[in-house]
Amino acid sequence: MLTPAQIAHFEIFGFLLLRRIFTPAEIANITCEANQIWRDDLERQPDENPYQIVVPFVEERPRLAQLPEDDRIYLPIVDLLGPDFVWGGSEGHKGSFTEENVLQWHADRPDQVGVRYARVKVMIYLQPMRKETGALRVIPGSHYPPFREPLMALHQDLNGTAQNDTSLHAFGVPGPDLPCHPLEVEPGDVVMFNDYLFHGIYGKQKGRSFITVKYVKFAAEPQTEEDFEMLRSDDAGFGRLHEAFRGSQRPRIRDMVEKLRGWEERLKASQ
């Protein structure tokens, strides 16, 4: 469970770094299963692209499938979102996003802040990450609308190319020099951050691999197909339940997917 100070830190700054959550032996087991999934993915669809993303991910292996309900992750999520949240999906990332080893400044939910739902991402890194070698950089407090609005200039489209340095154009400094906080981690650390927070990655990322699990809290429950399309449009994993979770009898997993199953059935009945 989180302390009141940790909860306040997350609410005000939009992120939390929890140190030494998993032991080296646990990380070794997690890494072993993760590598199996990435190898299987390459066998199914060989690709010269050095970057892999597999969705869904943790649902594919027994040890990984325990992560969403592990006390060390689950209980902090309850502290941050309350008990009435749903499963938001999982991803496994391996390699560099781009040949330039750059992920420009952005927010994952640029147009939906506070409108419908709150979302927390949990990142589990499998290698050490430093500021200049692929660590996630965040702009603290950028999930708040008054601060967020001027930062939307970072989402401008320059010649339709995602890798253009919008920071240089908007604020006169290159992306790597924009004021930020780098979340430097060791294997076993866990990062939790608000999905509306502005973040970026700069620097070498050889062999970079991490696992993301997501949790969603609704201010207003989705009721219509239009509501679900809004959610699916910016998250390919949301609401697409893996069979390992769809019929799970494990209490925490069942609670996280029960509403998703109910919404899914209700939408099918209305079509």
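All of these numbers come straight from a predicted model, not from anything done at the bench. Note: hydrogens, waters and symmetry copies are ignored here, and every other heavy atom, side chains too, is used.
Residues V122 and F193 form no side-chain contact, since every pair of their non-hydrogen atoms from C-beta on lies 4.5 Å or further apart. I73 is listed as a side-chain neighbour of I124, based on a closest heavy-atom distance under 4.5 Å. Side-chain contact between M129 and R208 is present, with at least one heavy-atom pair separated by less than 4.5 Å. At a threshold of 4.5 Å between non-hydrogen side-chain atoms, the residues L126 and P187 do not count as touching. Annotation: side chain of V58 is in contact with side chain of P68 (closest heavy-atom distance under 4.5 Å). V86 has its side chain within reach of W263: a pair of non-hydrogen atoms, C-beta onward, lies under 4.5 Å apart.
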Working note: Y125 + H93, criterion ring-ring contact (aromatic ring centres under 6.0 Å, His included); need CA distance, chi angles, decisive distance, verdict.
CA-CA 10 Å; Y125 291 90; H93 300 253; 9.8 Å; no

With side-chain contact (heavy atoms from CB on, under 4.5 Å) as the test, would you mind laying out the steps for S90 and V55 before giving the verdict?
CA-CA 6 Å; S90 70; V55 181; over 6 Å; no

For side-chain contact (heavy atoms from CB on, under 4.5 Å), just list the numbers for L18 and L2, CA-CA rounded to whole Å, side-chain angles, deciding distance to a tenth of an Å, and then say yes or no.
CA-CA 10 Å; L18 304 177; L2 301 177; 4.1 Å; yes

Take V138 and H143 through the side-chain contact (heavy atoms from CB on, under 4.5 Å) test and state the conclusion after the steps.
CA-CA 10 Å; V138 299; H143 57 309; over 6 Å; no

F85 and V216: side-chain contact (heavy atoms from CB on, under 4.5 Å), yes or no, with the steps?
CA-CA 5 Å; F85 59 83; V216 184; over 6 Å; no

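Note: W87 and Y215 have perpendicular aromatic rings, judged against thresholds of 30 and 60 degrees for the angle between ring planes. Between H9 and F15, the angle of the ring planes goes over 60°, which puts this pair in the perpendicular group of the 30/60° scheme.
Remark: R19 does not engage E186 in a salt bridge, criterion side-chain N to carboxylate O under 4.0 Å. A salt bridge links E132 with R137: at least one charged nitrogen is closer than 4.0 Å to a carboxylate oxygen. Using a cut-off of 4.0 Å between Lys/Arg side-chain N and Asp/Glu carboxylate O, R252 and D255 are scored as not salt-bridged. A salt bridge is absent between R119 and D108: the closest approach of a Lys/Arg side-chain nitrogen to an acidic carboxylate oxygen does not fall below 4.0 angstrom. A salt bridge links R72 to E26: one of the charged nitrogens lies within less than 4.0 Å of a carboxylate oxygen. A salt bridge links E69 with R250: at least one charged nitrogen is closer than 4.0 Å to a carboxylate oxygen.
The hydrophobic cluster containing M152 does not contain L168, counting ILVMFWY residues as joined when their side-chain heavy atoms lie under 4.5 angstrom apart, directly or transitively.
Checked by atom type, the side-chain pair S167/Q104 shows no donor-acceptor distance below 3.5 Å. Side chains of R61 and Q36: a donor-acceptor N/O pair is present below 3.5 angstrom, by distance only.
Taking NE2 from H199 and SG from C180, the interatomic distance works out to 12.5 Å, rounded to the nearest 0.5 Å. Here the CD atom belonging to E59 is positioned 8.5 Å from the CD1 atom belonging to I253, to the nearest 0.5 angstrom. To the nearest 0.5 angstrom, R261 atom CZ is 14.0 Å from M256 atom CE. With rounding to the nearest 0.5 Å, the separation of OG1 in T31 from CG in L64 is 9.0 Å. Distance check: L16 CG to L183 CG gives 10.0 Å after rounding to the nearest 0.5 Å. Atom CG of L178 and atom OH of Y202 lie 7.5 Å apart (nearest 0.5 Å).
Side-chain rings of F171 and W105 stay apart, their centers remaining 6.0 Å or farther from each other.
Surrounding CZ of R20 are at most 12 heavy atoms belonging to other residues, nucleotides or ligands under 6.0 Å away.
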